[in-house]
A.B. asks: 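Sharing a structure below in structure tokens format, with a few things to ask.
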Amino acid sequence: MITAAVQEREHYLNASYGIKSWLLTKDHKRIGLLYLATITLFFFLGGAFATLIRIELLTPQGDLVSSETYNKLFTMHGVTMIFFFLIPSIPATLGNFFLPMMIGARDLAFPRLNLLSWYLLVVGGLFSLFAMLAGGVDTGWTFYTPYSTSYSNTWVIATAVGIFIAGFSSILTGLNFIVTIHRMRAPGMTWFRMPLFVWAHYATSLIQVLGTPVLAVTLLLVLCERLFHIGIFDPALGGDPVLFQHLFWFYSHPAVYIMILPAMGVVSEIISTFSRKPIFGYGFVAFSSVSIAVLGFLVWGHHMFVSTQSVYAGMVFSFLSYFVAIPSAIKVFNWTATLYKGSISFATPMLYAFGFIGLFTMGGLTGLFLACLGIDVHVTDTYFVVAHFHYIMVGGAIMGFLGGLHFWWPKMTGRMYPEGWAKLSALTIFLGFNLTFFPQFILGYLGMPRRYHVYPEEFQVLHVLSTAGASVLAVGYMIPMIYLIWSLRYGQIAVANPWGATGLEWKTASPPPLHNFDETPIVTHEAYDYTTVMEEVIEVG
Amino acid sequence: MANQAHEETLALREQFDTEAQQKDASTLGMWIFLVTEIMFFGGMFLAYTIYRSTYPEIFAVCSSSLNVYIGAANTVVLLCSSFTMVLAVRSAQLGRQRAIVFNLILTLALGFVFLGVKAYEWNEKFVEHHIPGPGFHFEGIAQQGPAQLFFSLYFAMTGLHALHMLIGGGILTWLIIRTKQGAFTAEYMTPVDVAGLYWHFVDIIWIFLFPLLYLIDRHLK
């Protein structure tokens with residue numbers, strides 16, 4: 001009976017059928033799903049490269065791949081994961097789907113631009129994919145000059161063009177979000193009634209809009225240098241290769257916050273929902289997102305402490321880098337304070353949120369080691385750095401992504417995921433992740449450099465531990481892949497608000513109707529007001 | 001307020017509630033896009049600033065080899081095109097379709113005059129061997145490398161600017177066709193308005209490029 005009723009109701013998934021209705025859709029919800037499929041493919045592609053890297057590192061000798069191939073593997077792992085998975089991950093999927101719903105809008109401000117953004121990501125992805133299939137690229141994801149411009153004999157141009165195009169996808173998504181948040185809010189949805197997820201995306205969009213064009217022009221100059229030898233980064237003509245590093249990190253450091261800020265937004269939603277309390281210090285958490293975005297533009301030089309950068313610049317960058325700890329700590333402490341005396345339930349999204357807090361804290365604190373000039377010189381380009389940024393990007397961003405995916409899965413698909421399997425996979429991922437990357441902190445501190453596939457024998461135990469952890473992690477990522485697809489058909493039917501959450505997205509049916517709401521909502525309360533939700537739940541019964 | 005209260009029109013897409021909201025959103029979107037453009041050009045302006053301060057004399061000498069009169073004349077052409085663009089926007093506000101088309105064609109023509117003059121200047125550089133690359137040679141300078149850097153930046157910056165002019169030309173052509181089809185009225189002329197913003201922005205970039213590339217330390221000569 002229930003199934004029959006659900007099939008009759010028109011929603012965004014059954015409003016129209018056929019491949020054209022997806023490829024030409026202007027619906028932000030469908031575009032979100034298109035992104036989800038695309039980035040999942042890139043995630044498993046990047047994961048395959050990581051698997052080969054970890055298998056090679058099982059032994060101290062280079063017995064699986066040659067040095068050249070190894071260089072290509074870590075480059076393509078980085079390029080795929082950063083530009084084609086992490087950057088679009090939460091904003092383009094969950095953000096695309098839920099940002100308009102959370103502010104009570106029918107769609108983003110520019111739906112056609114939104115579809116174009118997806119196509120740009122796909123075209124950019126195809127360029128990079130072509131480069132990988134044709135023979136790969138070996139510069140590292142950082143494309144440092146003059147190696148990338150004058151010496152590398154691999155597919156630098158095709159990869160750079162791919163990233164350039166995908167960058168415009170990111171720029172246009174950010175632009176769309178900013179205009180939407182400014183101009184599309186429902187009546188009564190004031191700035192300080194917006195969910196923190198929306199604030200986090202506003203901050204992220206600022207970085208996308210201000211940072212990505214700089215990466216674009218940098219890649220353009222690399223292309224000109226490689227094609228026409230114009231000399232901008234070539235010391236032989238009086239150019240400066242370090243200028244490339246400045247321009248590159250001016251984008252690529254804030255890019256880390258493109259990856260982590262949306263995850264922080266997700267965690268705020270989850271922590272509030274599953275402790276049934278408004279986020280402690282809402283205003284502080286909202287502004288900490290914006291201040292992370294602003295500070296993020298002032299710290300790029302901490303990637304260049306051992307370059308020719310002046311030591312005084314290094315001191316200033318070091319000092320400013322410490323400042324990022326303040327808004328980050330504000331978030332962690334406020335989430336913890338939200339839990340205090342909360343009515344906590346340990347559903348899967350909450351497990352991911354807890355995982356995020358723990359791993360992000362470790363990643364953040366080791367970031368302080370790296371912001372410190374003296375220690376950084378010791379551990380530059382070692383596995384300590386590798387471990388640090390994986391704690392932020394994998395432990396932080398991917399935990400946030402998976403937490404959000406589980407949290408909103410019922411809304412997106414109208415089906416519940418299997419809770420037991422989901423908890424098991426969350427636990428597997430947490431354990432597998434720590435086993436993979438914690439040993440790398442020790443490796444790096446002992447002096448194991450990154451980007452080498454041959455290493456002294458005394459490092460083997462730690463490398464074996466790390467590879468064992470990676471296998472566990474891989475299993476952890478496969479389980480949700482399987483049960484989420486399974487749940488599309490066999491999952492329990494989801495009600496409109498299965499978690500008793502407060503956001504506007506929960507006030508409409510699951511899955512949502514084509515235009516999100518049957519009537520434009522009028523907002524009368526602050527975000528995370530659980531008294532009204534309880535009343536509604538009691539009314540509905 | 002019902003959710004699907006209105007049929008979709010050009011002036012009121014289905015995601016908006018009012019026409020004013022749509023116009024506001026489009027204008028804000030274009031302004032943000034122009035901010036991204038400033039950051040995009042910014043990378044090249046930064047490179048220019050660094051190398052000019054590293055090699056001030058060489059940059060001054062190379063700069064004085066550019067033809068300042070042609071550059072100045074071209075600046076006037078571009079400023080006139082901005083004026084006709086403003087006239088097109090004003091005609092659109094008043095709903096005078098033929099005046100829109102007339103002014104847009106004038107703008108387009110002036111844009112092509114600018115690009116034509118630019119092409120002539122680039123060709124001169126070919127003749128003078130001032131194209132960065134193996135054949136580069138600049139008379140009377142010991143350090144050929146930094147001289148080449150100046151011309152690399154010259155071509156990169158004016159080239160990127162010309163590319164934006166070409167894109168602008170495409171937009172103007174589209175606007176002319178749409179105006180002839182009667183798409184724009186006094187009530188709905190947002191595309192003309194935001195295209196105007198873009199065109200002026202490309203102009204302003206040139207206003208910065210002209211003195212930076214053509215007028216360096218000319219008073220010292």
Side-chain angles (χ1 to χ4, degrees), chain A residues 26 28 100 105-113 168 171-172 174-176 178-180 182-184 186-187 205 208-218 220-221 224-225 228-240 243 246-247 250-251 513-522, chain B residues 1-5 8 13-18 20-51 54-55 58 131-134 136 143-157 159-160 163:
Chain A
K26 288 186 279 170
H28 67 102
R106 284 190 283 276
D107 206 319
L108 288 171
F110 309 118
R112 284 185 297 178
L113 196 68
F168 281 92
I171 293 172
L172 296 176
L175 187 154
N176 221 337
I178 293 179
V179 176
T180 304
H182 271 280
R183 291 285 182 264
M184 309 291 281
S205 303
Q208 287 176 304
V209 160
L210 293 174
T212 321
V214 178
L215 176 76
V217 77
T218 311
L220 202 63
L221 289 172
C224 291
E225 182 77 64
F228 311 117
H229 303 291
I230 63 169
I232 302 264
F233 303 129
D234 183 1
L237 294 176
D240 186 358
L243 175 62
H246 280 290
L247 289 168
F250 181 83
Y251 165 76
L514 189 57
H515 291 286
N516 295 348
F517 302 98
D518 294 328
E519 269 183 33
T520 302
I522 294 168
Chain B
M1 198 187 308
N3 200 37
Q4 281 169 284
E8 187 170 64
R13 300 274 183 190
E14 63 185 5
Q15 69 270 27
F16 295 107
D17 286 325
T18 63
Q21 185 193 21
Q22 175 172 337
K23 189 169 166 53
D24 262 10
S26 305
T27 313
L28 180 62
M30 182 46 92
W31 277 108
I32 295 171
F33 179 73
L34 295 183
V35 171
T36 74
E37 287 277 34
I38 289 174
M39 298 306 289
F40 190 63
F41 276 96
M44 286 192 181
F45 279 101
L46 176 77
Y48 170 89
T49 310
I50 288 170
Y51 292 128
T54 316
Y55 310 108
I58 295 174
I131 302 284
F136 180 84
Q143 286 177 284
Q144 291 289 312
Q148 190 169 328
L149 266 185
F150 174 84
F151 284 99
S152 294
L153 284 164
Y154 169 81
F155 277 102
M157 294 167 103
L160 193 63
L163 179 69

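Here is the naming used below: chain letters follow the sequence lines, and residue numbers restart at 1 for every chain.
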A.B. asks: Chain A heavy atoms under 4.5 Å from B:L160: which part of the residue, side chain, backbone, both or neither?
C.D. replies: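 For B:L160, the side chain is the part near chain A, not the backbone.
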
A.B. asks: Measure the spacing between CG of A:L172 and CZ of B:F33 and express it to the nearest 0.5 Å.
C.D. replies: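 It is 7.5 Å, given to the nearest 0.5 Å.
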
A.B. asks: Can you tell me how far the CD atom of B:Q15 sits from the CG atom of A:N516, to the nearest 0.5 Å?
C.D. replies: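 These two atoms lie 11.5 Å from each other.
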
A.B. asks: Nearest 0.5 Å, please: how far is CD1 in A:I171 from CD1 in B:I32?
C.D. replies: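 That separation rounds to 12.5 Å.
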
A.B. asks: So which part of B:F41 gets closer than 4.5 Å to some heavy atom of chain A, the side chain, the backbone, both or neither?
C.D. replies: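 When you check distances to chain A, no heavy atom of B:F41 falls under 4.5 Å.
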
A.B. asks: Where is the tightest heavy-atom contact between A:P213 and B:M39, given as atom of each residue plus distance?
C.D. replies: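 Minimum heavy-atom separation between A:P213 and B:M39: CB-CB, 3.8 Å.
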
A.B. asks: Main chain of A:G238, side chain of B:Y51: is a donor-acceptor contact present, judged purely on distance under 3.5 Å?
C.D. replies: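 Checked: no pair found.
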
A.B. asks: Under 4.5 Å, counting heavy-atom pairs only, tell me which of A:P100, A:G231, A:A105, A:P111 racks up the most with chain B.
C.D. replies: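 Heavy-atom pair counts peak at A:P111.
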
A.B. asks: Which bit of B:L28 is near chain A, if near means a heavy-atom gap under 4.5 Å: side chain, backbone, both or neither?
C.D. replies: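 When you check distances to chain A, atoms from both the backbone and side chain of B:L28 fall under 4.5 Å.
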
A.B. asks: Which region of B:L46, side chain (C-beta onward) or backbone (N, CA, C, O), has a non-hydrogen atom less than 4.5 Å from a non-hydrogen atom of chain A, or is it both or neither?
C.D. replies: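 Interface part for B:L46: side chain.
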
A.B. asks: Does the pair A:D240 and B:I50 meet the rule for a side-chain contact (heavy atoms from CB on, under 4.5 Å), with working shown?
C.D. replies: CA-CA 10 Å; A:D240 186 358; B:I50 288 170; 5.7 Å; no

A.B. asks: When rounded to the nearest 0.5 angstrom, what distance separates CG in A:L514 from CD in B:E14?
C.D. replies: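 Interatomic distance, A:L514 CG to B:E14 CD, rounded to 0.5 Å: 7.0 Å.
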
A.B. asks: Does any heavy atom of chain A fall under 4.5 Å from the side chain of B:Y55, the backbone, both, or neither of them?
C.D. replies: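 For B:Y55, side-chain heavy atoms alone lie under 4.5 Å from chain A.
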
A.B. asks: Among A:D107, A:L247, A:N176, A:L210, which residue has the highest count of heavy-atom pairs closer than 4.5 Å to chain B?
C.D. replies: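 The candidate making the most pairs under 4.5 Å is A:L210.
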
A.B. asks: Under a 4.5 Å cutoff for heavy-atom pairs, which residue among A:T218, A:I178, A:V209 has the most contacts with chain B?
C.D. replies: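 Result: the option with the highest number of such pairs is A:V209.
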
